[in-house]
Every structure is written in structure tokens, then in C-alpha cells.
Amino acid sequence: MVSVKQIVVIMRYLGLRALRQKANALLAMCILVCSTIAAALGFFSNSVQTALDSDIANYLGAPMVLRSDAPVLIEADPILAVQGLDQPVFTVSYTIGALSANGYQSVSLKAVSSGYPLQGDLIVQNGSVESQVSALQLSDGEVWMDQRALDELQLAIGGLVQIGRAQLKVAGVIVHEPDKLTQLQHALPRAMVNHTTLANTGVALGNSRGEHRVLLSGSEASLKQIETAVQARSKSVEILKPGKGRHPFSRISLRAERLLNVILVLILLMCGGAAASLASHTVQNYAMPATVLRCMGVKRKAVAWALCLQLIGLSIVVGLVGCLLAWLLQPLLNQVMEPHMRLSVAPVSLADLIAPVGIGVVTVIAFVVPKLQQLGSISVSSVLRGQTQLPKRGLVVISLGVMTVFGLLWINSDNMQLTIMLVGGVAAVTLLSIGFGWILSQISSQCYRFFQGPIKVAVRSIGRSSRRHITSLVCVAIAMMAVLMTVTLRGNFLDLLQVQMLETDGNYIFTGLPAEQQSGFAQVVEDMGAQVKSMHPTVSAKLISINGVEIDKALNKESETREETRSRVRLSWANSLPDNNRLLEGRWPSIGSNEVSVESEVMTDLGLSLGDALGFRVGEQIYTAKITSRREYKGGGSRMMFWFMFGQDALKGFEQHRMGGVLINDQAPLILSRLAKEFSQVRITNLERQLSGIRDIMIVITRLMNTTLLLLFCGALVVIVATSFVSSVNRDKQSQLMRALGLRRSQVYAMNIVEQAVIGLVACAVGVMGVQLISGALFQNLFALPYQLDWVRAISLTSIICFTFVLIGTWFAFQQLRKPVRLS
Amino acid sequence: MSSLLEVSSVSRQVATKSGPLTILKDINLNVAQGESLAIQGASGSGKSTLLGVLAGLDLPQSGSVIVDGIDITQLGEDERAMLRANQVGFVFQSFYLVDDLTALENIALPLELFGAADAKQTAKQWLQNLGLGERRNHRPAQLSGGEQQRVALGRAFAVEPTLLFADEPTANLDNATSERVLDQLFTLQSEHNTTMIIATHDDHLAKRCDRRLCLQAGTLVEG
């Protein structure tokens, strides 16, 4: 039995005093930085994610939206009887003709219940006043309409419009509607009524197909409960929320979350590396007290456990201090998001503390405890002879460490794929470091003869003590890999997203432009100082069969795509793959052939594979095409995408239209009015407000990435400091001896610099190789981004990291060389 | 006089790259209660290894080491630790005080570990007796070599061992300091009737012991 009393006495005597030792102080600092960053990032990302989700929810109209083509939920539905759920809002939209004394226009008629919108702004103009309203203010017999619809119908506020069998009074102009951006495909002008008015129109009767939405808000648990219940009941209900569903923000939110996870995991790995490099030194420091205690008759387990518990206790205390620092840091980090996002300092719950404190404890358990446990097996007589060589149980220690870290990362990231990739990357970097360490030692063993003086000693030293250099190599290489990967990821992510989302397709979209008017339209737009950003050919069709079998029979499961394609689908074509698409499988359809490329999610949903034949009804004709490729839509913004795309000239014989984006910076009312006059069939939708929302979200994400990158740099700095410290301690004896032999301080500095620089350069090279090895797969699988290493960036970072490594190493050398020479 | 320590046919080898190396070969030895024994030998002759085996820090490949009637080669690691806690004290050439503890704490540590009621008070008394009362709050780095070794003596004798092992206790000290330390060592040994085994290559020190043996080529011969 291990004596608890003995453990307590040892901890009491050696406890905090152990912090006087530099290695332990650095270990504590390393854990402190690790837990502070983890906690700060946790608090920060929680706040940002909450605010981001809230922003996204503003564009969805609610934190969670259920969408379907049939009214699957009614107000009295038992599913909705969940505690913590706010009063749900029901909306339904139909495409219907609106008639006035002076015109006719197809509109998207949307009926909303009184709480609409649950989140986000519904802005209606009445006269010259724009105000934020709710559907409560919409009386029976009244309708709010888009300016575009009113223009077409030549109506003003107070005018009468016939919709279905009801005559309605126009009570306001819709300036902004929260969930408009998620319905870009249905870019008809909007008319909004309440449910009573809808019933009076009679539109909902008969065979009209509407799009039904239930807007939900409430506690997280209640929303989760409803999500589960709805998914169990019907597969045809699409759930829209931040990070889920087909809407422009889902990928942004998901990517931001994954990015934070990647950065956090990288920081943990780096700090773990720093702890590992300090662990051996800490154990060496403990070897003598442990030996003395064992000579006194203390059992080996008691010695090992006392020292382990002492460090675990230290990590808990330091972890808590880290949490406190992180909490104090919150307002500063939140400031970064001003004025684009207002974040509040979140109250800290016990659950928030578990992760960062746990990180400190696990770091110690994974990297230090296994080594300390070896103290129990160390030969006392060897230590008394001055040999503190630990027993060789490297494989056990490494396996335990790797397993613990793997578990920690998995739990923390909740993503097995990410964990495997990063741990695999670190393993690859470690192996590369060992290989390069060996090569370096061989080269330096041969090359030292070509040098003179202290440089010769430094080069020879690299060759002789390759084992101790490998720890430095691994740690600095991991830091390099982490920094370079994150910087590249940040660059690629932001560049791609910004270019794709904000600049390509303009701030207005147009649909229904007859093909023969396309050049005239473009000319007018250009004459007015605006710019056509994109123009895609379209043919309107319905998907009716798969491999000759009627679609209803071909699909034995509920499919949201089938429901969508029943009403109408736009077919498009191009001579090559559009730049916002990526080919996952197969080849692009040939020119003029009956071949089609299908979007990946649609293929999965409809259970299609390459070679299947799809039957479309185009006008009165049937058109059959063979699937030649599966394609993915990149980016998550307002750029147009088509589920079914053909090769150039494939749909030549059908009635064609054009749709696309226009960038209008000035004089929008004038331009729109002229376009409406000259191209009466064209429908134009203003996306400016939505795009400005996306821009805000992009700024928030950019700042979030910059801030987390800064925290990652802090982690890298800790690794460099820890590694430099260990290197300097290892070099201490050699430096003392050199000085005793007559070398000047400056010459010893030169030795240090050469050693640090060589190790730093090799480590950075290994880090770059590590990035090259894993980033392609990581970027593709987690972020759907292409990976391309920017060599200028890589070389700059290598220089910075190397310089920092040399600088900090020199500082430690300065600390050592200040002291007089002692050879005892 | 009855034997406190009986060693029979002890051999110990260590593995080296070029095969096993015999350090101790068929060692036989009896040490009586209260006796002081010097084991001499050249550097690397195996003196420290023998001390380690006798104290139960290392196990021999063959033979028995009986301390106060108990064959410690048959005991497990924890039982040997317990035996050391109850009966054995150590003094080392390099003192091996715990750097982070003061002189007082270094002496109090073993006392507290094994449940002495007034460890600090006893440690203070030991420091006074050793003439280091004024230095009680100094850490090892702030003490001279002689003072450190005297603190180590206090630490070893404070737990009142019946068997004390000293490995080159004066090798790191100058002659005058050595003499003072040895005076205190032998006085304490005599006062407490402690059995003492000293490994040394110092003839002067060996002569002060009751008996001298020499370790040559792994075997003990009369000095």
C-alpha cells in the first residue's frame, strides 16, 4: 500500500518549491498559455458563434426553420408542445398572378402568422416612412408588396390588387424581408398577407403547391427535440439553421466552426509538444530528490505518485489561473469584433472551465506523468553515480502520450476525421524530424572538418548529440506546420469566399430575360454605368423520370429534390465547368450531346449515379440526358448554381432565357426603372441589403480568424521558448567547458547561433513538408477549399520562426553566459 | 557481539555491450552491532555497488544479505524500502541534499515522512548539536561543502538508524573540514551505537574504523 501521508509530506516539502526550477516554471507557463488560449478561444468562439448564428438566424427569420412542400406541421401539432419553445410562426408561399386595373404580374404570395419574423428585420415603407414591423400590423384584406410588383402593376400604396378571388388593399412596400436570401431560386416579386387573407384568396385550395415554413425559436434543447422529432417523422422536411440546410450561410458557419476547432487542436498539439520537450528536463530535475527519498525508505510508487500528483495539482491551479486570465481577456477580444458584431462578456459556468483545466491536466498526464512514473524504476545506484539515464520505455511512453492526446483532440474537436488528419500530420512530421535529424547528424559529422574555431565545435556538436536535437526539431517543426497551415488556410478561405461571394455576381439578380434580348439588356446596363457580372442561359423544365421510370415510382423514399423539381427547374449549359463548381466524378458533358452534369447533393438525394438517364419535360417535349459527371458547388454566397448542367448547344431547340447578376452602384432607381420599361419580362431582385449582411459576416469571420491566428502565434512562441530553453540547458556544460578552455563569450554566442539556426532551418523545412503532406486532404475534406502553398508566405514564415528561435536561444545563452564559469 | 549484518556468497554482474561484467564475486561478510567497517578499494572497484546491495537498493544475482535476521534479498521492493526506513541511513560523497529545501527542512523531511511528532523541533535540535543552528534557513547552495555534509549527517542520524552506509563521505572536502566531519560522524556513531559501513579510498578515514576490508577484483580481502 502506498502511504498517503508520505505522499502528502513529499508534496508539502517539494510542492511549490519545485517552481523555482526553471524547467518547472516553464512547464507551468506552457500549461498556463495553453489553458488561457484554450479558454479564451472557447469563450470567444462561443460568443462569436452565438452572435454569428444569431446574425445568420436574422437572415433565416428564426434560429431554426422547417421547410417543406406540404404542411407537415400544424399549430396544434404535438411535436410543437415542447417546453422552452416560443410561439412558432407559420408561413406559406405560392406563385400566383396578381392583377390590377393597369397590369398583371406573377408574384410570390407569402402568408405569414402574427409573430413573423421571429428574428431579423421586416421593414415596410408606408408613404415616406420606413419602419420595422411585424406581421401583427398586417390587417385582414391588406397586402404588402415589393416595389417591383407595384411598378409592374402600376400601383401605389392604397391601391387595389386582385389576388385569387380576393381584392386586397396595398398597405405598404416591403423594403426588407429576412428570409429572402434563402429563396433566391424563386426570385419573383413578393406579396405578403396574413393567413386569414390567404384563405379569402382561395389560392391555398385546389392543386396549388406551396412552400411551407415553420419558424422556430426557443431554448437549444427544445429546438433539438423538435429537430429529432421532425426528422423521424418525415424526410421531406428540410431543416434550415446556421450550419445546416441549403442556404448561403450554412457553409460559412460550418467552416468557421471547423476552423476554430483546427486552430484549437493545433494550439493543443503545440503546447503538448512544448510540455513534452520540457518533460525530460523536469524528470531529470526530480531524479535526485526521488533517489534520496528512496534511500530514506520511501516506496517507489509513493515517490512517483507524489511527484505526479504535485504536477497534476500544479496543472489544475495553473489551468484555473488560465481560465481567469481568459475571462479577463474577453472584453479585449470582443473589441476586435466592434462595430460589426456586438459581443457580451459571457458568464463562466463550471462546464466552461472543465475543458481548459482538463487540457492542462491531460497535457501533464500525457507528456510528463509517464516519464515521472519511470522515476520509480530508475536505478538508485546509477543516480548516485551521477547517471540519470531513464529506463528505455520510449514506446510505452509515446503510445500512452499519443493515445491520450488523440482522445483529447477527438473529444475537443468532436471530429474524428480532423483528429486523424492532424495526429497523422504530427506523426509524419515527427518521423520526418527523426529522419532529418539523423541525416543532419551524419552530414555534420562529416562536414565539421571544413570549419574552424567555435563554428567547428557547434557543427560537431550537432553531429554528436542528434538525439537531443530531435526533440527541438520535432517541436519547432510542429509549430512551423501549425502556423503555416493556419496562415495558408486563412488566406485561401478568405480569398476564395470573398471573391466568390461578394464580387462576382453583383448586387441585383435578374431572371426571365429572353435569349434574343440578352445583348440589348447588356448594352443598356452598360450604358447606364452598371455592369452585368454574370449571365447564364436557362431553359425551364420539370424532371419527370429516372432511367425511363416515372420519378414518383423511381424513388421509393421521400426526396426534397423531387419535390423541388416537380414545380420547375432551370437547366443551364456551358462549354466547360463553371469556376464556382468542382468536378467530383466523371467528365464534363460533350458539346451538343444529350449528356448532363448533376450537382452532388441532388445526386445523393435522388440516388443517382453516373450513366443514369434523366427525363425532363421541356415545354411539351420530353428530353432525355445521360449523367456524365457529379459536381460540387463551391462557396456559399449568392452566386448562381444549377442542379443540372449540359454541354454547350445541348438545349438549342428549346425556348431559352437568361439569368444572372448585375452590379449597380449608383442611380439604381433610374436604371431599374429603365430596365423595367425596356425589358418587361425580366424580373430583377435587389440583394444589396442581404449582401451587406454577408459582408458584415465576412468581416466578422476575417477578424475571428486573425484573432485566433494571433493566439496560435502565442502557442508557437511558447513552443519556441520551451525548446530553446531545453537546448540551452543541454548546451550549458559544453559552453562552460569552451569558456574554461579560453573561448570568448562572443565565440560561444556564435556557437549557439549556428546550432540554433541549423536546427531551426531544418525544422522549418520539415514543417513545410508536413503542411504539404496533410493540407491537401485537410483543406478539401473539411473546408472544400483547394490547397496551394504560397512559397513566399512559407519562406517568410520560415525566416520569422527561425529568427525567433535563434533570438530566444541567444537570450537564454546570454542568461547562462552572464554567470561565471563553473565546472563542478 | 551478535551480527547485525551477514553477507554470504553475494555476486553481482552487470550487462555490458561486450557481455556480463562481474562487479562483486562471492562476497562474505559479517558486521556486528555498533561496529564500524571501512571498505577500501580503487575507483571503480565496486565499493558503491556493494553498499547498494547491502542497503537493499540493488539485488545481487546470488547470495544472501541478512540484516537483523532478515534476508533482504528475499524481500520485495516495498519491504526493502520499509527496512531502509526503519533501520538504514545514508551519507553520500556529494551530500545529495534537496536543493529546494533549507538545512532544517532537509533534516525534517525523513522525520516527517515516517511520522515523527515534532519533526521540525527535532531537526532544529540536530542542527544545534551539529553547530549549524544559525544556518537552519539556508539552502544547500548557500552552505559550504563541510556544512552540507554535516546537514547530511544530521539527516542520516535523525531517524536513528541501526545501520549507516557512508559512501566516500569526505572525498569532496578539504583535510581540515574532513577531520571535523569525521569527528562528528564517529561521535554520533558511537553515541547511537550505530553499525557503520564506509566505502572509501582514504586510508586515514579507514584507520579510524574498527575494521578494514579491501575490495579487489570483486572480492573482499582483509585490508
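- B:L109 touches chain A through backbone and side chain together, each having a heavy atom under 4.5 Å away.
- In this structure, the side chains of B:L132 and B:L143 stay at 4.5 Å or more apart for every pair of heavy atoms.
- B:S144 pairs in a side-chain hydrogen bond (donor to acceptor under 3.5 Å, both in side chains) with only one of the listed residues (B:Q142, B:E147, B:Q148), which is B:E147.
- Counting heavy-atom pairs closer than 4.5 Å to chain A, the top-ranked of the candidates B:V98, B:N86, B:L57 is B:L57.
- With a 4.5 angstrom heavy-atom cutoff, A:V292 touches chain B only via side-chain atoms.
- Looking only at side-chain heavy atoms (C-beta outward), B:P169 and B:V181 stay at 4.5 Å or farther from each other.
- Residue B:R80: no heavy atom, backbone or side chain, is found under 4.5 Å from chain A.
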Going through the distances and angles, do B:K47 and B:E168 end up as a salt bridge (Lys or Arg N to Asp or Glu O under 4.0 Å)?
CA-CA 9 Å; B:K47 301 188 294 291; B:E168 305 278 13; 3.7 Å; yes
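- When each of B:L4, B:V7, B:T195 is paired with B:V31, the side chain to side chain contact (heavy atoms under 4.5 Å, CB included) condition holds for B:T195 and for no other.
- Interface remark: B:A108 contributes backbone and side-chain atoms alike to the contact with chain A (heavy atom separation under 4.5 Å).
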